[in-house]
Structure formats: C-alpha cells, structure tokens
S.K.: 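Below are the structure tokens for one structure; questions will follow.
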Amino acid sequence: MTTVTDSEVLRDALGLLRDREEVAERLLASSAKHSFDPDKELDWDAPLEDGKWFWPPELLSLYDTPIWRGMSEDQRLELSRHEAASLGSLGIWFEIILMQLLVRHIYDKPVTSNHVRYALTEIADECRHSMMFARMIQKGGAPTYPVPRLYHNLARVLKTVSTTPGSFAATLLGEEILDWMQRLTFPDDRVQTLMRGVTRIHVVEEARHVRYAREELRRQMVTAPAWERELTRVSCGEAARVFSTCFVNPQVYENVGLDRREAVAQVKASGHRREVMQNGARRLTDFLDDIGVLRGVGRRLWQSSGLLA
C-alpha cells in the first residue's frame with residue numbers, strides 16, 4: 001500500500017478531499033457554538049402529555065398494516081412509547097460501539113492534532129447522547145430493549161477487528177437512518193415535547209458526526225488497499241442486515257398485547273415500512289454507491305437488509 005500523507009491531494013468520485021485538519025477545525029468551531037447539556041437543556045420534570053405520540057405514527061413499524069388498522073388509538077400510542085424505547089436502546093448500544101471504534105481510530109494518531117481533538121469531542125457528545133437516551137427511556141416508563149444476544153456478541157468481534165473504513169461505514173449506517181427519522185420528529189407537534197427536544201439535540205450534534213465520518217470514509221476508500229476496501233463492502237453490508245433486523249425489538253409487540261409472530265410477519269410484508277426504511281437510508285446509500293462501497297456481495301447484503309431496493 002502506498003503511504004499517503006495529509007498534505008497530498010486526494011480525489012475520489014465526489015471530487016477533492018479536504019484536509020483532515022481543516023475539516024476538524026471547522027467541526028470543533030461548530031461544537032463550541034452548538035453543543036448541549038441534555039440534563040440542563042430539557043425539562044425532565046415536566047409531565048408527559050396525554051394523547052401525544054412518542055414517535056410519529058407514520059414512522060412506526062406497523063403503520064398501515066392490517067394489525068394497525070385494528071388497533072385502538074390508545075394501543076397505537078402505546079406502541080409508539082415502546083418503539084421509542086426500543087430505538088433508544090438500539091441507539092445506546094450503537095453509540096457505545098461507536099465510542100470504542102473512535103478510540104481505536106485515534107490511538108496511533110498525533111494527540112495534539114485537530115483530528116484527534118474532534119474525535120474526543122465527538123466521544124463526549126456520544127456519552128451525553130447515551131445518557132440522554134437512557135433517561136428518555138426511564139421517563140417514558142417502557143422497558144429497555146437490548147439487541148439479541150447473538151448480535152450483542154458479534155459486536156464484540158466488530159469492535160476488535162474492524163478496520164478503519166469499515167468502522168466509519170458502520171458509523172454512518174447507525175447515524176444517518178435515525179437522523180432522517182429524527183428530522184421528521186422534532187418539528188412534529190403531535191409528538192411529546194420531551195421526545196422533540198431529545199431528537200432536536202441529537203440532530204444538531206449528529207450533523208457534525210456524519211460530516212466527520214463521511215470525510216474520513218472517503219479518505220480511507222481512496223488510500224486503503226484493495227483487500228481492505230472489499231472487506232469494508234462486505235462488513236458494511238452485513239452491518240446493514242443486522243441493523244435492519246434489530247431496528248425494532250419484537251418484544252415490543254408482545255408488550256402492547258399483540259401477537260408477536262403475526263406482527264413481525266406484517267412488518268416484513270409492509271410496503272409502507274419498506275419505503276420508510278429505504279427513504280431513510282437513501283442519502284447514505286447514494287453516498288456509499290458514489291464512493292465505491294456498494295459493490296458485489298456487499299451490495300447484495302444491503303438489498304437483503306431491505307434498506308436498498
């Protein structure tokens with residue numbers, strides 16, 4: 001592999017890549033202006049509002065299915081409460097993985113660089129986000145919904161062996177789909193005020209995280225050897241499959257009084273749900289396609305995940 005320094009001009013299908021230090025400097029400046037302490041920013045003592053959703057109904061997994069059409073309004077609202085807790089639990093699991101991947105990424109890099117300083121800033125953001133999600137779940141009164149033990153343990157392998165481009169591809173997978181949904185949530189006055197506040201904070205701060213990950217993944221896909229680029233394609237596709245499988249814990253359906261097996265079957269058959277998930281992933285899949293990630297086996301795994309048509 002040819003060694004490429006940050007001072008060299010790099011280009012991919014999207015054009016010239018910006019200098020790492022310049023990107024990080026801008027992100028650090030944005031962080032200084034637009035960072036939040038959820039414990040102080042949000043009113044955690046305010047009561048939850050009757051008749052309001054915890055997640056927009058159109059984004060719920062069962063929306064517009066036969067089961068949905070047979071549910072009462074109260075049962076639909078209850079489903080939104082549990083799905084919000086499931087997504088919060090997934091978010092915490094994912095962000096703990098992300099923090100460990102970021103620490104691995106900067107381990108051998110210059111500790112005084114802007115690039116490392118921003119990574120540490122992002123880790124601090126993710127710590128606050130994880131605590132915010134946990135507090136949100138507790139406030140809503142629903143249980144936590146851990147991912148299946150198999151995937152929990154597979155993530156141990158990912159955290160140990162993931163190469164740099166694979167780490168940033170997985171980062172974007174977890175960030176961009178939820179970001180799309182949250183951008184629809186925080187302006188929606190049908191949704192609980194607390195949930196709107198949580199999603200607003202997350203959207204503002206995640207925009208920086210996405211920029212950092214996109215820039216670094218572009219750089220890695222230009223400079224990495226062929227074997228590492230191919231591994232990234234396959235691992236990213238498998239991560240997409242796992243992510244879509246874990247998006248809503250099926251225990252949610254039992255906890256709101258539904259038949260678990262039938263609910264899962266109707267979600268899988270739902271054209272609306274497939275459209276929602278693919279719309280949420282489209283900005284990411286277009287980007288990954290442009291930079292050469294969605295090829296071969298990796299592309300087929302993305303298609304099997306339901307996130308790519």
Side-chain angles (χ1 to χ4, degrees), residues 1-10 12 16-37 91-133 154-176 178-179 201-202 204-225 227-229 231-233 235-236 239 243 284 287-288 291 293:
M1 173 183 174
T2 303
T3 300
V4 180
T5 66
D6 285 350
S7 62
E8 292 184 69
V9 176
L10 299 176
D12 63 7
L16 290 174
L17 276 73
R18 295 181 182 273
D19 178 74
R20 256 184 183 159
E21 289 295 275
E22 178 187 335
V23 170
E25 183 177 12
R26 291 183 179 183
L27 293 175
L28 285 165
S30 177
S31 297
K33 292 179 182 178
H34 305 292
S35 291
F36 304 94
D37 180 348
I92 295 169
W93 174 69
F94 177 78
E95 290 188 336
I96 289 172
I97 295 170
L98 169 57
M99 286 186 272
Q100 293 178 72
L101 293 176
L102 281 171
V103 168
R104 288 184 60 214
H105 172 62
I106 64 175
Y107 188 71
D108 293 315
K109 290 182 169 48
V111 294
T112 57
S113 67
N114 289 334
H115 186 74
V116 168
R117 283 181 57 212
Y118 180 73
L120 293 170
T121 301
E122 180 170 332
I123 290 166
D125 290 345
E126 299 295 17
C127 284
R128 293 194 304 274
H129 294 171
S130 294
M131 291 186 288
M132 176 175 69
F133 290 159
L154 281 176
R156 298 184 195 277
V157 179
L158 170 70
K159 292 183 296 182
T160 302
V161 305
S162 178
T163 62
T164 300
S167 296
F168 282 101
T171 294
L172 289 169
L173 169 65
E175 289 179 338
E176 295 214 29
L178 283 172
D179 180 74
I201 288 173
H202 202 243
V204 170
E205 297 188 339
E206 286 294 313
R208 300 190 293 265
H209 304 176
V210 167
R211 172 71 185 281
Y212 185 76
R214 280 186 171 228
E215 293 287 336
E216 191 58 28
L217 180 56
R218 288 178 65 193
R219 178 178 298 276
Q220 294 294 327
M221 289 301 290
V222 169
T223 61
W227 70 264
E228 194 169 10
R229 294 196 299 271
L231 177 61
T232 297
R233 294 179 184 115
S235 64
C236 182
F243 185 77
L284 173 59
F287 169 73
L288 295 178
I291 65 171
V293 175

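All values reported here derive from a predicted model rather than from experimental measurement.
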S.K.: Could you pull out the closest heavy-atom pair between Thr171 and Ala213, with the gap in Å?
M.R.: CG2-CB, 4.0 Å
S.K.: Between Leu172 and Val210, what is the shortest heavy-atom contact and its length?
M.R.: CD2-O, 3.8 Å
S.K.: Looking at Val23 and Arg211, what are the two nearest heavy atoms and their distance?
M.R.: CG2-NH2, 4.1 Å
S.K.: Quick one: CD1 on Ile291 to CZ on Arg229, what's the gap to the nearest 0.5 Å?
M.R.: 11.5 Å
S.K.: Would you give the length of the straight line joining atom CZ of Arg18 to atom CZ of Arg219, rounded to the nearest 0.5 angstrom?
M.R.: 12.0 Å
S.K.: Quick one: which of His105, Glu21, Lys109 gives a side-chain hydrogen bond (donor to acceptor under 3.5 Å, both in side chains) with His115?
M.R.: His105
S.K.: Answer yes or no: is there a donor N or O on one side and an acceptor on the other, between the side chain of Ser130 and the main chain of Glu126, under 3.5 Å?
M.R.: yes
S.K.: Answer whether the closest heavy-atom distance between the side chains of Tyr107 and Val103 falls below 4.5 Å.
M.R.: no
S.K.: Please evaluate residues Glu175 and Leu98 with respect to the criterion side chain to side chain contact (heavy atoms under 4.5 Å, CB included), reporting the C-alpha separation (whole Å), side-chain torsions for both, the decisive distance (0.1 Å), and the verdict.
M.R.: CA-CA 10 Å; Glu175 289 179 338; Leu98 169 57; 3.5 Å; yes
S.K.: Between Phe36 and Arg128, is any pair of side-chain heavy atoms under 4.5 Å apart?
M.R.: no
S.K.: Return the set of residues passing side-chain contact (heavy atoms from CB on, under 4.5 Å) with Ser167 (not counting sequence neighbours), or none when no residue passes.
M.R.: Leu101, Ser162
S.K.: Take His202 and His129 through the test side chain to side chain contact (heavy atoms under 4.5 Å, CB included) and record every step on the way to the result.
M.R.: CA-CA 7 Å; His202 202 243; His129 294 171; 3.2 Å; yes
S.K.: So which heavy atom on Ala155 is nearest to which on Ile97, and how close?
M.R.: CB-CD1, 3.6 Å
S.K.: Would Glu216 and Arg20 pass as an ion pair if we require N to O under 4.0 Å?
M.R.: yes
S.K.: Distance check, rounded to the nearest 0.5 Å: Arg117 atom CZ versus Ile106 atom CD1?
M.R.: 12.5 Å
S.K.: Counting only heavy atoms not in Arg104, do more than 12 sit closer than 6.0 Å to its CZ atom?
M.R.: yes
S.K.: For the residue pair Tyr118 and Tyr212, does the interplanar ring angle fall in the parallel (under 30°), tilted (30 to 60°) or perpendicular (over 60°) class?
M.R.: tilted
S.K.: Please find the pair of heavy atoms, one from Thr163 and one from Glu228, that lie closest to each other, and give the distance.
M.R.: CB-OE2, 2.9 Å
S.K.: Provide the closest heavy-atom pair for Val111 versus Val116 in the form atom of the first, atom of the second, distance.
M.R.: O-CG1, 4.0 Å
S.K.: Calculate, to the nearest 0.5 Å, the distance between atoms CE and CG belonging to Met131 and Asp37 respectively.
M.R.: 8.0 Å
S.K.: How long is the straight-line distance from CG of Asp12 back to CD of Gln220, given to the nearest 0.5 Å?
M.R.: 12.5 Å
S.K.: Do the non-hydrogen side-chain atoms of Phe94 and Leu178 ever get within less than 4.5 Å of each other?
M.R.: no
S.K.: Mind checking the CD-NE2 spacing from Glu95 to His209? Nearest 0.5 Å is all I need.
M.R.: 8.0 Å
S.K.: Is Leu217 close to Leu288 at the side-chain level, that is, under 4.5 Å between some pair of heavy atoms?
M.R.: yes
